[in-house]
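One structure below.
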Amino acid sequence: MSRSSAARRRMFAGVAAATLALGMTACGNDDNADSTDQSVTMWTFKNTHVAALEQVATEFKTKTGITVKIEAYTPDDVFTSKIQSAAQTGDLPDVFELHAGGEDLRIGGAGLLGDLAPDFPESALQRFLPNTRAAGLVTEKRRAEQEEVKDAKVGSLFSVPFTAGTFGIVYGNREKMKAAGLDPDKPPRTWEEFIGYLAATGAADPKQGGLSLGLKVSQTGFNWIYEQLAFAYLGQAGFEALFDKDPAQGFASPDGLRTLQLYQQLKPHWIAGVSALGIDEADVAFAQGKSAFNVGGTFTLAFLAQNGMPAENLVTFPIPPATGGKVTDLRLAPLALTGLSVSSQTKNRAAAVKWIDHLTSPEGSGAFAKASLDLPATDLGAEAATLLGPKLAALQQYFTGPPESTYDAADKGFRPPDYDEVQVGDPLVKFSPLGETDPAATAAQLDKVITAMWQKSG
């Protein structure tokens with residue numbers, strides 16, 4: 001898990017002071033003239049991206065003559081500390097890959113990132129998936145609500161989106177499905193079919209035919225399964241009503257109870273010890289054949305491949321909607337997961353921007369995605385199948401659909417201002433898989449938690 005937002009804000013507040021002492025300025029100025037050195041250094045926090053970035057960098061050098069050196073620093077705390085120390089010595093790289101919509105804003109607000117708005121005007125941002133375009137943008141709302149960007153200029157663009165994804169994706173083991181008499185080329189299209197598939201794989205392999213998920217992080221069950229299931233059953237308005245100040249249409253309402261009863265149907269199908277598994281541990285268990293199905297995100301595909309699960313042995317589909325619900329073909333709005341930023345210390349801005357432009361072009365982003373198995377934030381449209389390959393293209397198709405059928409995890413406006421995912425995740429784990437409560441008791445606890453959050457916010 002990454003460092004808390006509060007801790008990161010404190011750390012980068014110190015960095016900002018050091019930055020000002022060094023007299024650094026934003027990249028949009030002419031104070032840092034570009035050098036003639038045709039090379040770019042890029043830092044990432046993802047080891048899994050290095051090989052793919054290097055592959056694209058080789059093609060980029062052939063095309064432009066510019067050399068790109070890729071360096072990875074992990075885990076997140078090490079990456080953060082590296083940035084902090086390098087900022088104070090003037091040794092930052094030219095380009096960063098950062099967590100989008102958070103880390104980019106904190107580091108940019110500390111004065112360490114340049115403004116990419118001149119290089120990526122609105123017309124250029126059209127290349128990205130709609131929900132990802134503003135991830136690194138300083139808006140009036142963000143400046144008013146987020147301490148780290150309170151002194152930043154509205155309209156500053158501290159990153160452009162690079163990778164995108166969403167959660168609520170089910171991964172199935174084709175071999176286990178076949179062994180259970182199921183057709184892996186026909187994944188379940190309804191919740192009832194999915195429960196039937198779980199029953200079949202469990203019967204064929206009682207010890208390793210169930211469902212895995214990293215429920216040690218309790219909110220995964222709520223965020224990655226329940227919310228998609230409830231959204232599809234209730235529709236957007238009914239789903240949002242679950243979190244309203246007035247609990248009349250909340251979890252204890254007839255419709256709210258029905259969504260919990262649907263979720264309860266998973267109880268017999270969790271693998272043993274699932275509540276003690278972290279997210280990575282659950283994914284590894286699935287990759288090792290200890291479960292027939294696993295829930296994660298689009299970003300889980302790369303991790304499974306790195307842990308020995310060939311993409312060819314996978315079936316992927318979103319959490320299926322229950323019969324009789326408002327949504328029959330659930331779609332999942334993408335989130336910007338990582339973004340690309342230019343350093344305010346770079347002496348080679350032109351080359352750095354050219355590299356970012358190439359990485360986010362259809363050609364560059366497609367090559368990176370195919371090599372890394374991480375979906376790009378670049379909207380590849382009709383070219384997706386050609387540029388990404390069938391497995392990634394199949395995942396990206398879930399991003400596109402009518403608004404009324406699209407669950408958007410980034411939309412938090414209807415929730416309490418200080419919404420705490422853990423407080424809703426814990427009761428759901430006690431409900432399923434642990435079976436310590438029933439739907440009514442779970443609904444009452446969830447309504448109580450949501451009401452308390454609203455009261456706390458005033």
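As a basis for the values below, the full set of heavy atoms in this structure was taken, side chains included, without hydrogen atoms, waters or symmetry mates.
- At least one side-chain heavy atom of Gln228 sits under 4.5 Å from a side-chain heavy atom of Leu332.
- In this structure the side chain of Thr220 never reaches within 4.5 angstrom of the side chain of Phe167, judged on heavy atoms.
- With Thr378 contributing its side chain and Leu380 its backbone, the two residues share no donor-acceptor pair below 3.5 Å.
- Interatomic distance, CG of Leu113 versus CG of Leu157, reported as 10.5 Å (0.5 Å rounding).
- Judged as a side-chain hydrogen bond (donor to acceptor under 3.5 Å, both in side chains), and not counting sequence neighbours, the contacts of Asp426 are Ser218.
- Taking each heavy atom of Ser212 and Phe286 in turn, the nearest pair found is OG-CB, 3.8 Å.
- Between Trp270 and Ser432, the closest side-chain pair of non-hydrogen atoms falls below 4.5 Å.
- Without hydrogens or angle criteria, Tyr171 side chain to Gly297 main chain gives a donor-acceptor distance under 3.5 Å.
- Applying the ring-ring contact (aromatic ring centres under 6.0 Å, His included) test to pairs two or more places apart or on separate chains, none has a residue in residues 128-154.
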>> Checking Glu363 against Lys63 for the salt bridge (charged side-chain N to carboxylate O under 4.0 Å, His left out) test, could you report, in this order, the C-alpha distance in whole Å, the side-chain angles of both residues, the deciding distance, and whether it holds?
In response: CA-CA 12 Å; Glu363 175 191 357; Lys63 184 177 180 179; 3.4 Å; yes
> Going through the checks in order, is the ring-ring contact (aromatic ring centres under 6.0 Å, His included) test met by Tyr226 and Phe231?
Replying inline: CA-CA 8 Å; Tyr226 174 77; Phe231 176 91; over 10 Å; no
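- Between Phe431 and Tyr263, the ring planes lie parallel to each other; the angle is under 30°, not in the 30° to 60° tilted range.
- Partners of Glu383 by salt bridge (charged side-chain N to carboxylate O under 4.0 Å, His left out), not counting sequence neighbours: none found.
- With 3.5 Å as the limit, one finds a donor-acceptor pair spanning the side chains of Gln126 and Arg133.
- If you take CZ on Phe162 and CG on Asp104, they are separated by 14.0 Å, rounding to the nearest 0.5 Å.
- A salt bridge links Glu145 with Lys141: the distance from a Lys NZ or Arg NE/NH1/NH2 to an Asp or Glu carboxylate oxygen falls below 4.0 Å.
- No side-chain heavy atom of Asp76 sits less than 4.5 Å from a side-chain heavy atom of Glu103.
- Side-chain contact between Met453 and Lys456: absent, with no pair of heavy atoms (C-beta onward) separated by less than 4.5 Å.
- The side chain to side chain contact (heavy atoms under 4.5 Å, CB included) test with Glu281 is passed by exactly one of Leu277, Asp283, Ile279, Val284: Leu277.
- Between the side chain of Gln345 and the backbone N or O of Leu92 there is at least one donor-acceptor pair closer than 3.5 Å.
- Rounded to the nearest 0.5 angstrom, Trp355 CH2 and Asp357 CG are separated by 11.5 Å.
- In this structure, CZ on Phe243 lies 8.5 Å from CG on Leu446, to the nearest 0.5 angstrom.
- Side-chain atoms of Thr451 do not come within 3.5 Å of backbone N or O of Lys448 as any donor-acceptor pair.
- Here the side chains of Phe120 and Ile356 are in contact, with some heavy-atom distance below 4.5 Å.
- Note that CH2 of Trp224 and CD1 of Ile169 are 11.0 Å apart. Values are rounded to the nearest 0.5 Å.
- A salt bridge links Glu227 to Arg415: at least one charged side-chain nitrogen sits closer than 4.0 Å to a carboxylate oxygen.
- Counting only distance, with no hydrogens or angles, the side chain of Gln397 and the backbone of Ala394 share a donor-acceptor pair below 3.5 Å.
- Taken from CZ in Arg142 to OG in Ser156, the straight-line distance is 12.0 Å, to the nearest 0.5 Å.
- Although no hydrogens or angles enter the test, the distance criterion places no donor-acceptor pair under 3.5 Å between the side chain of Thr44 and the main chain of Glu97.
- In this structure a side-chain-to-backbone donor-acceptor pair under 3.5 Å is missing from Arg143 to Val138.
- In this structure, the side chains of His49 and Thr163 come closer than 4.5 Å at one or more pairs of heavy atoms.
- Ile450 places a side-chain heavy atom less than 4.5 Å from the side chain of Tyr419.
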